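Letters A, B, ... mirror the listed sequences (proteins, then strands); counts begin at 1. The figures that follow rest on heavy atoms only: side chains count, while hydrogens, waters and symmetry mates do not. What you are looking at is a predicted structure, and each value in this text was computed from that prediction instead of being measured.
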Amino acid sequence: MRPDVERRIREGLRAAILATGRVEHLDLSAVHLEKPRDPVHGDLATNAAMVLAALVKASPRMLAEEIVARLDFPPDLIGGVEIAGPGFINLRWSDEFLFRETERIVRAGSEYGLGEKKAGKRIQLEFVSANPTGPLNVVSARAAAVGDSLARILEWAGWEVETEFYVNDGGTQIQLFGDSIRARFLELGGFPSSLPEDGYRGEWVRGIARMLWDLLSEILRTAREDLPLEPWRDLTGGRDIGDTWEGGTTRERAAALADALCDHVEQRNGARGLAEGWFAPRGGGDALAGDPGRVSDEEVLALGEPWGETFPFGRVGVAFMLAWQRASFERFGVIYNADACAESELRGWFHESRLYETRAVEDTLANLKTLGDAVYEKDGAWWLATSGHGDDEDRVLVRSDGRPTYFLTDIAYHENKLRRGYDSVIDIWGPDHHGHVGRMKAAMQIVGAGRDWLEVIIAQQVNVLRDGKPVRMSKRGGEIISLDEVVAEAGVDTARFFFLMRKTSSHLDFDLDLARKASEENPVYYVQYAFARIWSIYEFARRRNLMTEEMGDLSLLTAREEVRLMRDLVRFPGEVRAAAGTLEPHRLTVYLQDLAHSFHKFYQGHRVVGDDDGLSRARLSIVHATRAILETGMGLVGVQPPKERM
RNA sequence: GCGCCCAUAGCUCAGUUGGAUAGAGCGUCUGCCUCCGGAGCAGAAGGUCGCAGGUUCGAAUCCUGUUGGGCGUACCA
């Protein structure tokens with residue numbers, strides 16, 4: 001239901017209630033207007049009489065009688081009113097209303113029901129924010145599908161939405177990641193493995209090491225043999241490799257090359273090429289093997305070994321992982337767009353390291369310390385008194401050894417968001433951050449944000465099933481089902497639809513075999529099949545020379561299936577607003593299946609293009625309307641509607 | 001031990017912020033194409049909404065207790 005239609009109905013209700021003389025004024029917020037579960041109860045049901053009954057101590061059914069007697073809806077809006085059950089007032093759209101709305105859908109297309117812009121109201125939506133120490137896993141994939149869809153839905157509902165990825169590139173995990181790459185790098189030179197105890201064991205770590213090794217040997221060869229340095233110009237982002245390589249100490253040369261590499265992969269195009277060419281989804285190491293024999297391992301190691309000490313493996317590794325992640329997102333149809341990040345960074349990608357560089361972390365701590373009792377020192381550490389704001393216990397901001405905790409950094413990050421002036425901030429976190437929610441909300445209240453300013457959604461875990469059994473996953477252990485694999489096996493549309501079929505807060509089973517082998521059993525095909533039929537109808541109509549975009553006479557459409565289809569079409573704006581209000585995009589996949597079902601029933605029961613031209617035109621019109629709503633709805637969940645025959 | 005999430009048909013899950021006779025897909029069974037795609041439609045079977053209390057006109061939904069599963073519970077991130 002469109003917002004202005006809802007307003008008209010609520011106003012009508014209010015007037016009728018006041019006209020009963022039972023109350024002087026009325027808070028309508030407790031009065032619900034909703035779609036009854038059972039269609040025989042009409043299109044809208046309201047509990048108004050029951051709410052009133054609670055106020056004036058009278059029988060709901062009697063009050064319902066009084067209200068209904070005073071209801072005065074125009075006949076082009078409501079066609080039927082009845083009292084049912086304990087005191088529901090059921091309303092039914094008039095045929096005229098359905099005809100007019102259907103026509104409006106055809107004319108407005110994707111604009112139908114679009115929420116009014118909430119002037120200046122901005123929401124920031126942060127999602128995935130996975131550590132840049134490995135490929136994106138399935139939970140990240142789910143969070144990406146949910147976040148991206150939610151952004152589209154909120155935007156549709158009238159908010160100004162910015163999406164953002166927070167890059168955790170500042171902590172001890174990065175150190176560990178770098179050490180892991182270094183260990184693999186040295187292994188290539190014949191050193192015994194020195195992989196840290198809890199280091200990263202994934203194949204991709206070998207891949208990065210291998211790539212760096214190959215790169216280094218090529219550069220050495222080029223420099224030593226006085227060959228043209230041109231091929232490296234691209235790699236170093238236009239910088240002359242000679243400048244990078246010649247002169248300076250080994251440490252300086254290593255740092256310069258690392259800079260060049262990072263710069264390069266951070267440019268989008270470079271990122272794609274590198275990520276796709278140098279990493280296979282699994283076990284990418286083999287693909288990276290260079291042409292052996294051009295430079296011997298001993299030579300590389302002799303020159304490169306010092307790099308084992310000086311080269312910033314962690315930094316380069318992060319740059320490559322981010323490149324990979326961005327490429328994965330691009331394939332998945334997810335683009336971050338917040339433009340509040342530093343100029344040197346990509347839109348929508350906010351680096352934790354920047355909080356240290358700009359001393360934001362220190363500033364945040366200093367600021368907190370000015371807030372009276374909020375911060376105190378105990379056992380040599382600094383604590384934040386979050387327990388007064390709904391958290392279980394107080395939390396450490398600065399360890400006794402002087403290092404800041406992740407918590408402090410995250411407060412600094414969210415303070416940054418606060419200063420950017422968002423009216424509301426939504427974070428989608430993985431299940432492992434569950435325990436972080438309470439303290440973070442508490443902290444934001446302490447620094448002065450409104451109680452509901454920060455909303456956290458936990459994207460629950462995904463159990464990937466292969467051969468009917470759950471796959472164990474661990475990023476550090478290297479066992480991962482990546483977003484890339486899910487996309488490769490299930491396809492973007494199926495995967496995205498799948499991730500949005502469950503409530504975000506519920507665990508999700510993702511059966512890879514089923515997604516791959518039995519695509520016709522997948523609900524997304526049910527919805528897309530509606531499209532297939534629409535295209536077929538169009539094709540048939542063209543052959544009969546009956547294809548037209550002009551509105552037919554909708555009053556010819558009175559069959560049960562036709563009316564039902566129109567009623568479902570009209571529901572659309574309300575469904576999107578409900579999804580926006582509850583932050584639950586899965587409602588839309590449910591709705592789309594509903595709508596597809598109504599369309600299939602209609603199709604099954606009635607020939608669209610038949611002998612009666614007038615009827616054919618009228619039916620073509622609701623087909624147009626259905627197509628428009630399906631397209632818009634699928635767009636909001638991030639699934640491509642088929643553009644032609646499947 | 002404490003906290004959070006979950007428990008609904010054989011399986012996977014919806015259930016419109018407390019509404020009416022609890023729904024869908026898959027699976028099982030029965031029908032439906034000389035006609036726009038049968039990847040569909042119609043129908044059947046399948047339920048003590050984990051269990052026990054409570055709140056009220058009314059509970060799958062809220063409260064308390066309880067059982068089972070998951071996650072969290074760091075001066076990790």
Side-chain angles (χ1 to χ4, degrees), chain A residues 32-38 40-41 45 47 50 53-54 59-61 84-88 90 131 133 168 170-174 176 198 352 378-383 391-393 395-407 409-410 430-438 458 460-461 463 501-503 505-509 511 514 518-523 525-526 528-530 532-541 543-544 546 561 571 574-575 578-579 581-582 584 586-587 589-591 593-594 596-597 599-610 616 619 623 645-646:
Chain A
H32 295 152
L33 202 57
E34 52 200 20
K35 180 176 88 75
R37 205 176 275 167
D38 189 333
V40 307
H41 293 129
N47 60 348
M50 277 106 96
S59 138
R61 287 205 63 116
F88 284 104
N90 293 332
N131 277 351
T133 54
N168 292 120
T172 51
Q173 290 305 313
I174 303 304
L176 191 59
D198 47 357
E352 177 190 358
K378 193 180 87 178
D379 305 330
W382 287 92
W383 298 70
D391 197 11
D392 305 333
E393 51 188 297
R395 307 290 173 176
V396 170
L397 294 169
V398 183
R399 302 177 180 90
S400 47
D401 65 4
R403 287 153 54 226
T405 60
Y406 171 82
F407 181 42
T409 316
D410 223 12
D432 50 335
H433 282 66
H434 202 123
H436 197 59
V437 178
I458 297 293
Q460 268 298 352
Q461 77 183 61
N463 294 314
M501 280 184 2
R502 308 278 176 260
K503 250 193 315 205
S505 59
S506 298
H507 291 204
L508 169 71
D509 282 342
D511 189 330
L514 189 77
S519 56
E520 69 267 10
E521 287 169 22
N522 202 304
Y525 285 85
Y526 182 78
Q528 291 189 324
Y529 185 51
R533 287 184 147 166
I534 288 172
W535 299 135
S536 289
I537 292 167
Y538 286 172
E539 207 170 83
F540 187 80
R543 279 210 301 276
R544 293 286 194 87
L546 282 169
E561 294 82 0
R571 277 171 53 201
E575 295 290 333
T582 56
E584 288 176 348
H586 82 279
R587 284 161 183 268
T589 58
V590 173
Y591 169 76
Q593 290 175 84
D594 266 9
H597 188 220
F599 180 74
H600 288 312
K601 278 168 93 90
F602 157 74
Y603 176 90
Q604 205 78 37
H606 307 278
R607 281 195 66 77
V608 175
V609 181
S616 299
R619 288 187 177 147
V623 172
R645 287 178 67 94
M646 292 162 67

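Candidate nucleotides B:C57, B:U16, B:A77 were compared by shortest atom distance to the side chain of A:Pro86, and B:C57 ranks first. In this structure, the nucleotide among B:A77, B:G40, B:C13 sitting nearest to the side chain of A:Tyr529 is B:G40. Of the candidates B:C41, B:C36, B:C76, B:C36 carries the atom nearest the A:Ile537 side chain, counting heavy atoms from C-beta on. If you check B:C57, B:C36, B:A14 against the side chain of A:Phe540, the one that comes closest is B:C36. Listed nucleotides: B:U16, B:C36, B:A39. Nearest to the side chain of A:Arg607: B:C36.
Here A:Pro431 lies in heavy-atom contact (under 4.0 Å) with sugar-phosphate atoms only. At the heavy-atom level, A:Ala45 lies under 4.0 Å from base atoms of the strands shown. The residue A:Thr582 sits close to a base: some heavy atom pair falls under 4.0 Å. Nucleic acid contact for A:His507: sugar-phosphate only, since backbone atoms but no base atoms lie under 4.0 Å from a heavy atom of the residue. Base engagement by A:Asn90 is indicated by at least one non-hydrogen atom pair under 4.0 Å involving a base atom. As judged by a 4.0 angstrom heavy-atom cut-off over every strand, A:Ala578 is placed among residues making no nucleic acid contact. At a threshold of 4.0 angstrom between heavy atoms, the contacts of A:Asp379 include nucleobase atoms, whether or not backbone atoms are also involved. A:Asn168 comes within 4.0 angstrom of no nucleic acid atom, judged by non-hydrogen atoms across all strands. Contacts of A:Val609 with the nucleic acid, taken as non-hydrogen atoms under 4.0 Å apart, include base atoms. A:Gln461 comes within contact range of the sugar-phosphate backbone alone, with a heavy-atom separation under 4.0 Å but no base atom that close.
Shown here for A:His32 and A:Asn47, the closest heavy-atom pair between the two residues is N-OD1, 2.8 Å.
Distance noted for atom P between B:C36 and B:U30: 27 Å (whole Å). Nucleotides B:G43 and B:C35 place their P atoms 24 Å apart, quoted to the nearest Å. Between B:G19 and B:C32, the two P atoms lie 42 Å apart (nearest whole Å). The gap from the C1' atom of B:A24 to that of B:A9 amounts to 11 Å, rounded to the nearest Å. Atom name P, nucleotides B:C49 and B:A22: the rounded distance is 10 Å, in whole Å. As rounded to the nearest Å, B:C51 and B:A59 have C1' atoms that lie 16 Å from one another. A gap of 9 Å separates the C1' atoms of B:G15 and B:U61, to the nearest Å. Nucleotides B:G23 and B:G47 have their C1' atoms positioned 12 Å apart, rounded to a whole Å.
In this structure, NE2 of A:His32 is placed 9 Å from C1' of B:G18, rounded to the nearest angstrom. Summarising the geometry, the separation between NZ on A:Lys503 and P on B:U17 is reported as 13 Å, rounded to the nearest angstrom. The distance from atom OH of A:Tyr526 to atom P of B:G25 is 7 Å, rounded to the nearest whole Å. Straight-line distance from the CG atom of A:Asn463 to the C1' atom of B:G70: 9 Å, rounded to whole Å. One can place NZ of A:Lys601 at 16 Å from P of B:G38, the figure rounded to the nearest angstrom. Atom OH in A:Tyr406 sits roughly 14 Å away from atom C1' in B:A74 (whole-Å rounding). Here B:C13 presents its C1' atom at 15 Å from CZ of A:Arg587, a figure rounded to the nearest Å. Rounded to an integer number of Å, the gap from A:His434 NE2 to B:C2 C1' is 13 Å.
Side-chain atoms of A:Tyr603 and A:Val623, non-hydrogen and from C-beta on, never get closer than 4.5 Å to each other. With contacts defined as side-chain heavy-atom distances shorter than 4.5 Å, the pair A:Arg533/A:Gln604 qualifies.
A glycosidic torsion no more than 90° from 0 defines the syn conformation; B:U73 lies beyond that range and is anti. Annotated as syn: B:C33, whose glycosidic dihedral is within 90° of 0.
As the counterpart of B:U64, B:A52 is assigned, both hydrogen-bonding distances of the Watson-Crick or G-U wobble pattern falling under 3.5 Å. Across all strands shown, B:U21 forms no Watson-Crick or G-U wobble pair with both key distances under 3.5 Å. B:G46 is unpaired under the criterion used here, namely a Watson-Crick or G-U wobble arrangement in which both key atom distances are under 3.5 Å. For B:C41, the paired base is B:G31 (Watson-Crick or G-U wobble, both distances below 3.5 Å).
Mapping A:Tyr603 and A:Glu34 onto RNA chain B via the closest heavy atom, the residue that lands nearer the 5' end is A:Glu34. Both A:His433 and A:Val40 lie near RNA chain B, and the one whose nearest nucleotide falls closer to the 5' end is A:Val40.
Between the side chain of A:Glu352 and the main chain of A:Gly170, a donor-acceptor pair closer than 3.5 Å is present. Listed for the A:His600 side chain is no donor-acceptor partner under 3.5 Å among the backbone atoms of A:Tyr529. A:Arg502 places no side-chain N or O within donor-acceptor distance of the main-chain N or O of A:His507, the cut-off being under 3.5 Å. Between the A:Ser400 side chain and the A:Ala381 main chain, no donor and acceptor come within less than 3.5 Å of each other. Judged by distance alone, the side chain of A:Thr405 and the main-chain N or O of A:Val398 form no donor-acceptor pair under 3.5 Å.
Both geometric conditions, a ring-centre gap below 5.5 Å and a plane tilt below 30°, are fulfilled for A:Phe88 over the base of B:A20. Residue side chain A:His586 fails the stacking definition with respect to B:A14, as its ring centre and the base's six-membered ring centre are not both under 5.5 angstrom apart and under 30 degrees in plane angle.
For B:G38, the OP1/OP2 oxygens have a side-chain nitrogen or oxygen of A:Arg533 closer than 4.0 Å. The side chain of A:Ser506 places an N or O atom within less than 4.0 Å of a non-bridging phosphate oxygen (OP1 or OP2) of B:A14. Listed pair A:Arg403 / B:A74 fails the phosphate criterion, with no side-chain N or O lying under 4.0 Å from OP1 or OP2.
Applying the 3.5 Å distance criterion, the base of B:C75 shares a donor-acceptor pair with the side chain of A:Ser400. For A:Asn47 against B:A20, no side-chain N or O and base N or O form a donor-acceptor pair under 3.5 Å.
With respect to A:Arg399 and A:Asp401, no salt bridge is recorded, no charged nitrogen being found less than 4.0 Å from a carboxylate O.
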